[in-house]
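Okay, so here's the structure we're looking at.
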Amino acid sequence: VQTFREAKARAAAEAAAAVNASARMWIVVALGSLTYGLFEAHSLGWTDPRTLALFAVAILAAGIFVIVESIVAQPMLPLAMFANPGFAGAQVATFAISASLFSVFVYLTIYLQGVVGMSPVDAGLVYLPGTLLMLVAAGIVDRLLTRVPAWSLLSIGLVAIAAGLAWTTIAEVDGNG
């Protein structure tokens with residue numbers, strides 16, 4: 001038998017989930033429109049009305065997502081967390097690292113398959129040593145965080161990634177580094 005308190009708590013949780021469903025829908029629309037717009041911009045052009053409309057929908061949906069998240073009792077992404085400079089800085093650094101690494105993966109895969117002539121499996125195997133290094137580095141960084149400020153490790157990581165990306169700009173097609 002359910003008590004009145006339990007029923008009230010369950011109803012509140014279901015109402016919060018319904019509002020969060022709205023937030024989920026808006027962020028899916030925003031990211032979907034942005035992604036589709038980026039893909040279509042290549043063939044349609046960046047100033048094509050359809051491309052611009054997709055970007056406008058993405059901005060509008062992202063804005064609605066932020067509004068919904070700012071008024072619900074239990075947001076998916078508590079916006080107040082961004083008032084903390086440490087959290088906001090970590091999110092910017094995470095975005096920069098992810099964006100740079102994922103873009104490198106795309107172009108390196110195209111290079112390995114299209115220029116070097118590797119099969120998809122061989123090109124994928126090229127990434128294994130880097131994956132293992134990331135696992136080792138994560139363990140080392142975990143231990144270092146007890147002795148070194150996080151901002152310094154993030155800074156070193158961002159500088160290392162920037163240097164690596166800069167190095168790729170001077171690489172020759174048939175060069176070895």
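Nearest heavy atom pair, residue G86 against residue N84, reads N-OD1, 2.8 Å. Taking every heavy atom of both residues into account, M76 and A23 meet most closely at SD-CB, 4.4 Å. A30 and A62 make their closest contact through CB-N, 3.6 Å (heavy atoms, listed as atom of the first residue, atom of the second, distance). Here the closest non-hydrogen pair linking M134 and F105 is CE-CZ, 4.2 Å. Across all their heavy atoms, T51 and A41 have their closest contact at CG2-CB, 3.7 Å.
The CG atom of L135 sits 11.0 Å away from atom CD1 of I140, with the distance rounded to the nearest 0.5 Å. The CG atom of L112 lies 5.0 Å from the CE atom of M118; values are rounded to the nearest 0.5 Å. Rounding to the nearest 0.5 Å places CD of E69 at 8.5 Å from CD1 of I27. With rounding to the nearest 0.5 Å, the separation of CG in L108 from CD in Q113 is 10.0 Å. Taking CD1 from I161 and CG from L101, the interatomic distance works out to 4.5 Å, rounded to the nearest 0.5 Å. L52 CG to L54 CG: the interatomic distance, rounded to the nearest 0.5 Å, is 9.0 Å.
Residue pairs meeting the side chain to side chain donor-acceptor pair (under 3.5 Å) criterion with at least one member in residues 88-98: none, sequence neighbours excluded.
The closest side-chain heavy-atom distance from R24 to F65 is not below 4.5 Å. The shortest distance between side-chain heavy atoms of V126 and D122 does not fall below 4.5 Å. Side-chain contact check for P75 versus V72: some heavy-atom pair is nearer than 4.5 Å.
In terms of the side chain to side chain contact (heavy atoms under 4.5 Å, CB included) criterion, residue partners of V66 (sequence neighbours excluded) are, by chain and number, L79. Residues passing the side chain to side chain contact (heavy atoms under 4.5 Å, CB included) test with L60 are I64, sequence neighbours excluded. Take T169 and apply the side chain to side chain contact (heavy atoms under 4.5 Å, CB included) test, not counting sequence neighbours, and it matches no residue. The side chain to side chain contact (heavy atoms under 4.5 Å, CB included) search around L38 returns L34, W46, F55, not counting sequence neighbours.
Y107 and T168 share no side-chain donor-acceptor pair at under 3.5 Å.
Few gaps surround OH on Y127; more than 12 heavy atoms of other groups in view lie less than 6.0 Å from it.
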_Using side-chain contact (heavy atoms from CB on, under 4.5 Å), reason through W26 and I67 one step at a time and then give a plain yes or no._
CA-CA 10 Å; W26 287 113; I67 291 168; over 6 Å; no

- Do S155 and L158 pass the side-chain contact (heavy atoms from CB on, under 4.5 Å) test, and can you show the C-alpha distance, the side-chain angles, and the key distance before you say yes or no? CA-CA 5 Å; S155 299; L158 288 171; 5.9 Å; no

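Linking ILVMFWY residues whenever their side-chain heavy atoms come closer than 4.5 Å, directly or via other members, leaves W151 and L145 in distinct clusters. Residue Y111 is not grouped with residue V106 when hydrophobic side chains (ILVMFWY) are merged at heavy-atom distances under 4.5 angstrom, including chains of intermediate members.
Connectivity analysis of hydrophobic side chains (ILVMFWY, heavy atoms under 4.5 Å, direct or indirect) links L128 to V121, L125.
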